[in-house]
There are 2 protein chains.
Amino acid sequence: MLTSSQRQLLRVISECGPLSRTEMAQLLGFSKAAMSGLARDLIDLGVLHETETVYGPGRPSVRLDLSPECAFFIGVSLLEEPAPMVLSDLTGKIIARRSMPLSRDPAVIADAVAQALPELLANHPDAADRLSGIGIALSGFVDETQARCVQSTLLNWQDVPLARIVSDRCGVETFIENDAKAVAVSEKLFGTARDISNFSVVTLGDGIGCAHFIDGKLYRGNHGGAGEIAHCTIEPGGSPCRCGKRGCLDTIASMKAVGEMARAEGLTCTSLSELEAQASVGNAAAIRILHRAASALGLAIANLIQMNDPGLILITHVEGSFDGLFGTVLKQAVETNVLPRYAGQTPIRFKRVDSDIWARGAASIAAHQFLIGPHSS
Amino acid sequence: MLTSSQRQLLRVISECGPLSRTEMAQLLGFSKAAMSGLARDLIDLGVLHETETVYGPGRPSVRLDLSPECAFFIGVSLLEEPAPMVLSDLTGKIIARRSMPLSRDPAVIADAVAQALPELLANHPDAADRLSGIGIALSGFVDETQARCVQSTLLNWQDVPLARIVSDRCGVETFIENDAKAVAVSEKLFGTARDISNFSVVTLGDGIGCAHFIDGKLYRGNHGGAGEIAHCTIEPGGSPCRCGKRGCLDTIASMKAVGEMARAEGLTCTSLSELEAQASVGNAAAIRILHRAASALGLAIANLIQMNDPGLILITHVEGSFDGLFGTVLKQAVETNVLPRYAGQTPIRFKRVDSDIWARGAASIAAHQFLIGPHSS
DNA sequence: TTGATTTGTTCATTTAGTGAACTTAGTGTC
DNA sequence: GACACTAAGTTCACTAAATGAACAAATCAA
């Protein structure tokens with residue numbers, strides 16, 4: 001078990017990349033003496049190692065970095081059938097992939113994970129040796145200890161202590177998290193948002209997910225529901241949503257909704273890139289659909305910016321690109337709906353991700369627990 | 001200067017009310033031994049004092065509470081002319097009121113504060129003796145040290161180090177804050193939200209303000225702009241707003257906008273309560289205006305709930321009441337625009353406030369600095 | 001080679017906490 | 001009213017984690 005000072009040190013390296021002892025001492029407000037001891041202990045533990053030497057006037061400084069192979073994590077996504085699994089190291093690099101059958105029965109899930117474990121670890125004795133946690137991403141609400149699923153419509157769960165069930169079965173510490181929140185953590189730990197303390201991730205796919213990091217910490221909300229942007233009302237009195245209300249963002253801008261609208265308009269293509277292609281050759285229906293979806297998403301993001309003033313909006317998408325009509329309209333809609341003074345102040349990044357995104361996110365939950373721990377700031 | 005452990009102790013008392021040493025030790029995870037020493041020191045300093053004795057089996061426990069008169073604060077609101085000033089104690093009780101001329105010149109403001117100071121303190125030698133800080137509320141953006149005004153349209157300021165200017169002139173530590181954020185802090189410290197770590201305040205008046213507490217801390221956003229709900233787009237393509245965009249909540253639901261709409265409809269009454277009275281006797285225009293404003297505000301609050309899942313929404317209003325049409329429609333609009341599963345899960349409280357609200361909020365900023373300090377959690 | 005400069009270590013010291021034993025002040029029972 | 005019982009709060013010796021000052025190490029510049 002790491003001390004809170006050790007965790008602070010790991011955190012600042014995770015955020016800033018390799019740093020010398022002196023730099024860290026300044027950043028964290030420790031004395032050089034304290035730093036020296038902390039670093040020695042973490043190096044002895046195998047978590048840190050010395051990297052490049054930086055020359056300047058005076059004695060050169062030696063940067064310390066995380067040792068990628070000091071701990072390994074498994075991530076499981078319960079969002080698809082079959083359920084993707086990944087084995088990752090401490091820096092988020094994926095070492096191996098597998099999949100397992102999906103089930104709604106927690107015990108069956110635990111069995112499937114236990115069965116897939118040796119296969120994932122088969123050719124990686126180091127990983128088998130230093131496997132430090134399992135993370136599971138699911139659609140639904142999770143409690144703040146990342147142990148119990150409070151509610152999941154997709155899995156038809158109500159207060160299921162999945163983490164305990166899996167860890168009992170597999171003998172490995174296990175943590176669970178909501179899908180979008182897991183992606184946000186992986187972006188904070190491994191991705192584009194390492195050094196940013198306030199940001200929001202929007203995951204654009206069949207559904208729309210969103211999660212916020214606030215003051216360097218995942219913000220879960222009072223009932224675990226922070227980031228439910230998909231069911232913000234964008235068109236009051238609009239089309240009914242499966243959630244029971246009307247005009248939700250999800251009914252307009254999710255890739256599923258876009259596909260359905262395309263089908264309803266008699267288009268044969270339903271994917272974003274296909275629609276973009278049609279739009280670029282002047283297909284009015286494709287243009288209309290893309291325009292409507294992008295405007296809606298842009299408005300929702302503009303409202304998010306107005307409400308929370310994040311330092312970054314990161315939009316992940318599995319398919320298509322954002323340099324076509326959809327992306328242009330989206331950016332424009334954001335700009336026209338934020339305070340003119342703010343316009344352009346909040347960077348919006350797009351990131352194309354593959355289908356591993358949820359399992360990677362899940363693994364990052366376990367890695368986050370290992371590095372940063374359960375505690376708050 | 002208080003230590004971080006002492007601050008934790010003060011914080012938990014501020015949140016929970018009077019507590020015994022043993023209760024605090026359990027809440028904060030300290031040993032009884034540590035608690036004993038901390039409490040003694042704070043009592044010696046005059047910050048805490050013993051209150052009721054609670055009898056049960058075993059030795060009775062003695063509750064400790066903040067000593068209201070151990071420190072006094074001055075709050076100034078730069079939102080009205082003349083600018084209201086209050087003198088408050090550590091529990092937010094207002095001891096004296098004054099006002100001073102408003103100016104856009106920071107030096108003139110500092111002079112006015114310095115001049116009003118002795119008048120405010122005149123009959124309160126204790127307060128003069130233990131004056132511990134000045135807080136200033138203003139319309140605009142403030143940096144996270146609560147020292148500089150980054151930008152204020154109303155005052156036509158850009159990066160003005162007001163706190164330093166006033167503290168240099170008056171010889172008292174000074175902090176500044178945005179108006180709505182100051183109100184949020186006063187509600188956390190003195191008001192209804194003491195024990196709630198995630199909540200949002202919406203101030204409904206001539207303008208609409210909003211601020212968030214997240215994880216027990218004021219969340220200021222990356223550019224200090226968190227909570228700018230007034231310029232969320234509610235009616236895309238709607239009426240132009242003075243901010244430069246269209247359909248902002250401010251153009252529909254602020255009391256100023258409501259008054260203007262009433263005037264445009266040829267109504268002679270413009271206040272919320274007068275319009276309520278008209279609506280209750282069937283005046284169609286009054287009903288239409290109130291309905292539109294309440295729906296808009298309800299939608300904005302619903303979106304806020306969806307995005308941030310706060311544990312409480314506190315709506316402050318200077319005038320009118322919320323048991324008429326406006327309040328009913330507002331609540332209904334919130335309910336129909338949040339996930340049905342959430343409906344009713346987020347308490348919404350209304351609080352009628354007087355015109356002291358901003359100055360009180362300002363004083364609470366200074367009190368917060370005194371009690372909790374500048375540090376994060 | 002020498003001096004300047006900055007990194008990183010060592011070590012005695014300080015500080016903020018702990019656990020265990022003790023004191024205190026009440027309740028309940030006979 | 002005496003006496004066990006209980007829980008609150010204090011005291012004290014001890015420990016863990018920090019600090020500051022002195023020092024060793026590694027390089028550049030002259």
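The listed nucleotides are C:dG8, C:dG19, D:dA18; the one nearest the side chain of A:L38 is D:dA18. Nearest to the side chain of B:K32, among C:dT10, D:dG9, D:dA18, sits D:dG9. The listed nucleotides are D:dG9, C:dG19, C:dG26; the one nearest the side chain of B:T22 is D:dG9. Ranking D:dA7, D:dG9, D:dA17 by closeness to the B:P57 side chain, first place goes to D:dA7.
The minimum heavy-atom distance linking A:Q6 with A:D41 is given by the pair NE2-CB, 3.8 Å. A pairwise comparison of heavy atoms in B:P18 and B:D65 identifies CG-OD2, 3.5 Å as the closest pair.
The residue B:S20 sits close only to the backbone: its heavy atoms come under 4.0 Å of sugar-phosphate atoms, none of a base. Note on A:G56: only backbone sugar-phosphate atoms sit closer than 4.0 angstrom, heavy atoms only; bases stay farther off. If you check every strand for non-hydrogen atoms under 4.0 Å, A:S61 touches sugar and phosphate atoms only. Heavy atoms of B:S5 sit under 4.0 angstrom from primed sugar atoms or phosphate atoms, though from no base atom.
Along DNA chain C, the nucleotide nearest to B:G58 and the one nearest to B:F30 differ in position, and the one closer to the 5' end is contacted by B:F30. Take the nearest nucleotide of DNA chain D for A:R59 and for B:A39: the residue whose nucleotide is more 5' is B:A39.
Formation of a donor-acceptor pair under 3.5 Å by the A:T91 side chain with backbone atoms of A:D89 is not found in this model. A donor-acceptor contact shorter than 3.5 Å links the side chain of A:S167 to the backbone of A:A163. In this structure, A:K181 contributes its side chain and A:G224 its backbone to a donor-acceptor pair below 3.5 Å.
In this structure, the CZ atom of B:R21 is 11 Å from the P atom of D:dT11, given to the nearest Å. When the P atom of C:dT24 is taken as reference, atom CD of B:E50 falls 15 Å away, rounded to whole Å. Distance B:M24 CE to D:dT10 P: 10 Å, rounded to the nearest Å. Per the geometry, CD1 belonging to B:I43 stands 14 Å off C1' belonging to D:dA8, to the nearest Å. Look at CD on B:Q26: it is 11 Å from P on D:dG9, rounded to the nearest Å. In this entry the distance linking CZ of A:R7 with P of D:dA17 reads 14 Å, nearest Å. Rounded to an integer number of Å, the gap from A:Q6 CD to D:dA17 C1' is 11 Å. If you measure from atom CZ of B:R40 to atom C1' of C:dG17, you get 14 Å, rounded to the nearest angstrom.
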